[in-house]
Amino acid sequence: MSYEPPLLAQNRGRLGSFLYRSFAIVLFGLILIPEFYHISSQRIEAWDEARHIGSAYEMLFRHDYVVNYWQGKKDYWNLKPVLSFLPIILSVKLFGKGLMAARLPSLLGFVAIVLGLYRFAARKFSRVEGLYAITLFSIWSQALTAHSFRVVDADALYCTFYLFCILLCLKRTSLSFCLACILAALCFLSKSWHALTLLPRLALTCVLTERSIRLPFKGMLCGLAPILLWVGVRIYEDGPKFPQRMVTYDLLKRTGIQIEGHHNPPSFYITGFVHDYPDLLWQLGFLTLAFIAACWWPRLRAARFSLGIPSALKAEMLILAVAVLSVFGMFTAAKTRLFWYTFPAYPILCVLMTYAFALLRPALKTVAGGLAAVFFVMSFSASWQRTKALELPAFYYQLQAAAWMPMTNVQKEGVIEQDDYAALLTYLPVPPTAIHIGPDEGKPHTLVIRDKDAGACDGCALVSKGDRFDLFYRD
């Protein structure tokens, strides 16, 4: 006869499961909602986001998914491979033009990271560690103000591939290593030479996996094949100029000297960590001290680790530590330093901190969890207030109001900023070839954009006056 637990114990178990699920749903909602809130009310960021939106629309119009364009010409400034543009193109084809559609791939990358972190930590340790991991990640991500998961650029897709590459490395099997090498190739196709920071931990993973001598060659084949395929197609379509520029400018020049006015000292990334993410730093400090103490005194460790820390767990923590240090170390060694270059290290750092958290006894976990909860509330409040205050520029509303007009051309006199050009492509129902920058050509059915108070447009009717531009329509 099978044993059945008492009814009271069954009800307690059901209540505990219900409370956990309710708490998990609330936490996931608090993490995800701020990323989606007012996503269409945030202006287009100059440079990377504007270039990605503009190039994606031009590639879509030309049906050219290999060569990226900017203002009608092949783009040799943005020297990243084509992969980061393709999700934007797909989203716009599915949902139409708009900021929400353009930014949706970045948001989906954020969702994938949250779900991936939770699933990995929950299966590795327990559901508590899963919630702790995504809480740490949210504390960091909500502090981002530029190049975040709310904008259109290569970083969100790159960080997603990067994290899953590292998580596959932790499995230390032949199949997972080959899959990690494929993801490393996707990192390269998203963010170019930034993927070189993956080489130290891939090499370490290969050594720790202890399989046949053929494993490194399998990994090289899986990693190089997609890259060489793209290089071959790009050279076939466009010649060798783009790959050559990638090597001479984006790799050698960017690492050898400080370019484009980015004169940041070698301590830039460490001081940025301390200044920009103090909440995560406090949490890291507590976990470091608690972990060191637990290594010396078994009574401070969780019951399952009372007899010692398994060698497999030590190897995984070593891989994670090398992953974090290689990102900071290699980009510190490079001469051109930008704060978003080290973004892929932070989700991995959250995983490493979760490992340290899992080793602690319940009392120490309670303290660490309480600190994380306090920092999460603080970061959530700051992020919510910052997002709530977002408002589109008046020029964007002018374009939305003028979009219904039967225009076949758009004329912008003088020069145009990158974000304004991306706004034209986003809000107006004309192809990129219909947008002309320069002196007014006098064409009919044209929306003419002039600087504020520049004077009337001959033969045009005033459409709207704004804080920066006046819009006219020539019938």
Side-chain angles (χ1 to χ4, degrees), residues 2-37 39 104 106-143 149-150 156 159-160 163-164 166-168 170-171 279-280 283 286-287 290 302-305 313 316 346-384 387:
S2 61
Y3 170 76
E4 294 184 4
L7 183 60
L8 181 59
Q10 293 184 39
N11 290 337
R12 285 177 178 172
R14 291 170 182 170
L15 178 61
S17 178
F18 171 77
L19 291 176
Y20 167 79
R21 290 177 181 176
S22 301
F23 177 76
I25 291 173
V26 171
L27 181 59
F28 271 96
L30 292 175
I31 291 174
L32 296 177
I33 289 175
E35 292 296 319
F36 288 82
Y37 182 57
I39 191 64
L104 184 59
S106 296
L107 293 171
L108 293 179
F110 178 83
V111 174
I113 289 179
V114 171
L115 295 178
L117 281 174
Y118 174 80
R119 185 175 184 272
F120 174 81
R123 294 187 65 179
K124 185 70 180 180
F125 301 109
S126 74
R127 295 180 296 183
V128 173
E129 279 76 11
L131 295 179
Y132 183 74
I134 61 175
T135 301
L136 291 179
F137 173 70
S138 180
I139 290 171
W140 170 72
S141 64
Q142 291 188 50
F149 293 91
R150 291 172 53 88
C159 285
T160 305
L163 174 65
F164 282 97
I166 299 303
L167 296 183
L168 282 171
L170 298 179
K171 292 187 175 183
D279 297 345
L280 194 65
Q283 191 77 9
F286 173 81
L287 286 174
R304 62 188 292 192
F305 302 112
L313 209 62
E316 292 170 12
Y346 289 97
I348 303 167
L349 180 61
C350 293
V351 178
L352 182 59
M353 293 167 66
T354 303
Y355 269 68
F357 174 83
L359 293 171
L360 303 179
R361 64 179 301 174
L364 291 175
K365 283 184 178 180
T366 302
V367 176
L371 284 174
V374 171
F375 292 141
F376 174 79
V377 172
M378 293 170 57
S379 63
F380 176 86
S381 176
S383 174
W384 186 265
T387 306

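Side chains are part of it too, since the values below use all heavy atoms of this structure and drop only hydrogens, waters and symmetry mates.
Of all the heavy atoms in D279 and M378, the pair that sits closest is OD1-CE, 4.4 Å. The shortest non-hydrogen separation linking L131 to A24 is CD2-CB, 4.1 Å. Taking all atoms of both residues into account, the shortest heavy-atom contact from G29 to P34 is O-CD, 4.1 Å. The two residues P347 and L117 make their nearest non-hydrogen contact at O-CD2, 4.3 Å. Residues I139 and F375 approach most closely at CD1-CB, 3.8 Å, considering heavy atoms.
Distance check: F110 CZ to F36 CZ gives 8.5 Å after rounding to the nearest 0.5 Å. Taken to the nearest 0.5 Å, the CG atom of L364 stands 10.0 Å off from the CZ atom of F357. To the nearest 0.5 Å, atoms CZ (F125) and CZ (R304) are separated by 7.0 Å. Taking CD1 of I31 as the reference point, atom OG of S379 lies at 9.5 Å (rounded to 0.5 Å). Here the straight-line distance linking atom CD1 of I113 with atom CG of L163 works out to 5.5 Å at 0.5 Å rounding. The CD atom of Q142 sits 8.5 Å away from atom CG of L30, with the distance rounded to the nearest 0.5 Å.
Using a 4.5 Å heavy-atom cutoff, the side chains of I33 and W384 are in contact. Residues L136 and W140 fail the side-chain proximity criterion, which asks for heavy atoms closer than 4.5 Å. Counting heavy atoms from C-beta on, the side chains of K124 and L167 never come closer than 4.5 Å.
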Candidate pair T160 and L108, rule side chain to side chain contact (heavy atoms under 4.5 Å, CB included), full reasoning: CA-CA 10 Å; T160 305; L108 293 179; over 6 Å; no

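T354 contributes a side-chain N or O that, together with a main-chain N or O of C350, makes up a donor-acceptor pair within less than 3.5 Å. The main-chain N or O of E35 is found under 3.5 Å from a side-chain atom of R150 such that the two form a donor-acceptor pair. For S381 (side chain) and V377 (main-chain N/O), no donor-acceptor pair under 3.5 Å exists by modelled atom type. In this structure, E129 contributes its side chain and Y355 its backbone to no donor-acceptor pair below 3.5 Å.
By the 6.0 Å contact criterion, NZ on K365 is enclosed, its count of non-hydrogen atoms from other residues, nucleotides or ligands being greater than 12.
In this structure, Y118 has its ring center under 6.0 Å from that of F28.
Note on ring orientation: taking the six-membered ring where Trp is involved, the planes of F149 and F137 are perpendicular (angle over 60°, cut-offs 30° and 60°).
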